[in-house]
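Just so it is clear: chains get the letters A, B, ... in the order the sequence lines come, proteins before strands, and each one is counted from 1.
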Number of protein chains: 2
Amino acid sequence: MTIESAIDQRVSLAVSTVIFALRPHPDSGLMTLWLPLVRRIREPYEGQWALPGGPLESEDDLASSASHTLQRTTGLEPRYLEQLYAFGNPERSHALADHQPSDRVVSIVYWALVRPDEVARAVDGDNVEWFVADDLPPLAFDHTEIVDYALARLRAKITYTPIAHGFLPPEFTLTELREVHEAVLRTVLDPANFRRQALASKTLIPTGNCLQGTSHRPPALFRFEAGPPTSTTKERR
Amino acid sequence: MTIESAIDQRVSLAVSTVIFALRPHPDSGLMTLWLPLVRRIREPYEGQWALPGGPLESEDDLASSASHTLQRTTGLEPRYLEQLYAFGNPERSHALADHQPSDRVVSIVYWALVRPDEVARAVDGDNVEWFVADDLPPLAFDHTEIVDYALARLRAKITYTPIAHGFLPPEFTLTELREVHEAVLRTVLDPANFRRQALASKTLIPTGNCLQGTSHRPPALFRFEAGPPTSTTKERR
DNA sequence: GCCCTTAAAGTCATGTCAACCCTAAGTAGC
DNA sequence: GCTACTTAGGGTTGACATGACTTTAAGGGC
């Protein structure tokens, strides 16, 4: 910023997005984190899976660019969107085997939460596929490291901020909220204690309604406190 | 990353650094956060103060670029260095008054801690000046917002990670460590409680030595646990 | 009407943390 | 040598958060 000058021709800027959704695991049936990947159609790493993304359009905000990528690959709107990190190692865009000096790419990576309960649309043809986030195939470039970092951030952040709303409908029960936490953190949480600390966090508002037709005592419905913390929010790391 | 393509000519990439050091406040004499700014020598915002930085050199790692900026403006080595955020609003490189369509700049901003106790060198001539971080003049571009964000990150992070070592010599007393926290957080901390929780954090190693010549009971000296957490470390946000 | 299930509230032991007090170990002044 | 003063360093106490667990409430299935 201090000294503007045309960027060196060899450095280009891209925006990628790690997109998380919750779905049942194919084996266990338990809710698990999934994410969509895109099959590369050119070298390097042709045929391998990579994070969805693309070059930054010059009119776009960084977050808008990530959001557009999300829309393009999944057809969904982000329920939560946050910048993850800027990855800029000079070697990260090279292929592993041949050290051909391909263009250097700096990737600004976002991570997002989506709710795929609306009809799971197959967008972008066969080049997009969803995978279990903790059981991915080898990825192109340094994208495995990026996904690991995004997973760590998500798991850390859900413990101290109410981002689980990104996976939930507008109204939900405390059990549904707890199940989101359990799926993300891969743990079992005590229902009573979870309830206590969720209510103490002052981020939940009882709607007054109850979920009906449950074959047991009807649970109360809540919604998240409407207000400043919407999507596209900067984080406090 | 998924689709490489030459970047739009109008987007350039820069790396800036928010550099923090502790010095006595000119009025109160209390230790305070300072940071160096650079006077702009060209439009837009000519004559105003801005964060040190520059375009990304194509051989450089992002963190190396930030480190070089630090060396260039202060002559010091970073004791701690971490990526802050990537700022990329399309309008952020415009001047406020005239909306001339200058080049769009995406800035990847780092923040660093330095220890200026070595002779305070005046590097880069008169264009570099140090300011009290909480009492800055109006800055160019969105740099005021960036500094506020860096300050918030530093103050949040010092409460749960041992980054105060960036401001301390290799051996230090618990009182010196506490005074760093007090200066950064602008609060007064209970010496006894601070001691207890500092020792409980398992990041301090007693050297066995004591500071002598103090006109009171000689305090024990500590050093930080040597190991993985060096500078240029990714954070857990 | 009985049993099953989950909701929701309560109990209790443990740990953490802030506020506060007390003793230890040095120097300075007399 | 003795006292006063200063900071180091450790201990106590009460408020509060947390985890493990128990008890009661409110529905449906049979």
Side-chain angles (χ1 to χ4, degrees), chain A residues 24 29-31 155-162 164 168-224, chain B residues 24 29-31 155-162 164 168-224:
Chain A
L30 297 172
M31 288 301 257
R155 288 180 169 137
K157 194 140 191 172
I158 204 175
T159 64
Y160 62 87
T161 49
L168 288 169
E171 292 200 358
F172 52 88
T173 68
L174 285 175
T175 295
E176 289 169 332
L177 176 62
R178 175 174 49 84
E179 284 167 348
V180 168
H181 281 247
E182 290 178 336
V184 169
L185 298 172
R186 294 182 296 182
T187 46
V188 176
L189 301 172
D190 182 276
N193 293 334
F194 181 84
R195 153 185 306 273
R196 183 157 34 99
Q197 90 179 46
L199 294 178
S201 73
K202 299 290 180 189
T203 58
L204 297 178
I205 300 174
T207 65
N209 307 327
C210 286
L211 187 62
Q212 301 297 343
T214 52
S215 130
H216 54 70
R217 174 170 175 175
L221 289 168
F222 294 83
R223 55 184 173 81
F224 274 101
Chain B
L30 298 173
M31 287 301 256
R155 288 178 170 138
K157 195 141 190 172
I158 204 175
T159 63
Y160 62 85
T161 49
L168 289 168
E171 293 200 356
F172 52 88
T173 68
L174 284 175
T175 294
E176 290 169 333
L177 176 61
R178 176 175 49 83
E179 284 168 346
V180 167
H181 281 245
E182 290 178 337
V184 169
L185 298 173
R186 293 180 296 181
T187 45
V188 175
L189 300 172
D190 182 276
N193 293 334
F194 182 84
R195 153 185 304 274
R196 184 156 31 89
Q197 91 178 43
L199 294 177
S201 73
K202 299 292 181 188
T203 57
L204 297 178
I205 301 175
T207 65
N209 308 327
C210 285
L211 188 63
Q212 301 296 344
T214 51
S215 131
H216 55 70
R217 175 171 174 174
L221 288 168
F222 295 83
R223 56 185 173 80
F224 275 100

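Using a 4.0 Å heavy-atom cutoff across all strands shown, B/T173 reaches no nucleic acid atom at all. Among the atoms of the strands shown, none is found under 4.0 Å from any heavy atom of B/A200.
Side chain B/R196 to base D/dG9: no donor-acceptor pair is found below 3.5 Å. Scanning atom types as modelled, no donor and acceptor separated by under 3.5 angstrom connect the side chain of A/R195 and the base of C/dA8.
A/E176 contributes atom CD, which lies 10.5 Å from atom CD of A/E171 (distance to the nearest 0.5 angstrom). Here the straight-line distance linking atom OG1 of B/T207 with atom CZ of B/F222 works out to 8.0 Å at 0.5 Å rounding. Here the CG atom belonging to B/L177 is positioned 8.0 Å from the OG1 atom belonging to B/T203, to the nearest 0.5 angstrom.
The backbone N or O of A/L189 sits less than 3.5 Å from a side-chain atom of A/E182, completing a donor-acceptor pair.
When distances run from any side-chain atom of B/P219 to the nucleotides C/dA7, D/dA26, D/dG9, the shortest one goes to D/dG9. With distances taken from any side-chain atom of A/Q197 to the nucleotides D/dG19, D/dC21, D/dT7, the minimum falls on D/dG19.
Where A/A192 and B/A192 meet DNA chain D, the nucleotide closest to each residue was compared, and B/A192 sits on the side nearer the 5' end.
Computed from coordinates, the B/H181 NE2 to C/dC17 P distance equals 14 Å when rounded to whole Å. Summarising the geometry, the separation between CG on B/N193 and P on C/dC21 is reported as 13 Å, rounded to the nearest angstrom. Atom pair B/H216:NE2 and D/dG9:C1' shows a separation of 13 Å (rounding to whole Å applied). The CG atom of B/D190 sits 16 Å away from the P atom of D/dT12 (whole-angstrom rounding). For the pair A/L177 CG and C/dA7 C1', the interatomic distance rounds to 15 Å; values are reported in whole Å. Computed from coordinates, the B/L211 CG to C/dT27 P distance equals 12 Å when rounded to whole Å. Summarising the geometry, the separation between CZ on B/R217 and C1' on D/dG9 is reported as 5 Å, rounded to the nearest angstrom. Straight-line distance from the CD atom of A/Q212 to the P atom of D/dA26: 13 Å, rounded to whole Å.
The phosphate of D/dT6 (OP1 or OP2) has no side-chain N or O of B/T214 nearer than 4.0 angstrom. B/S215 has no side-chain polar atom (N or O) that falls below the 4.0 Å cut-off from OP1 or OP2 of D/dT7.
In this structure, A/H181 and A/F194 have perpendicular ring planes: the angle between them is above 60°, well past the 30° mark.
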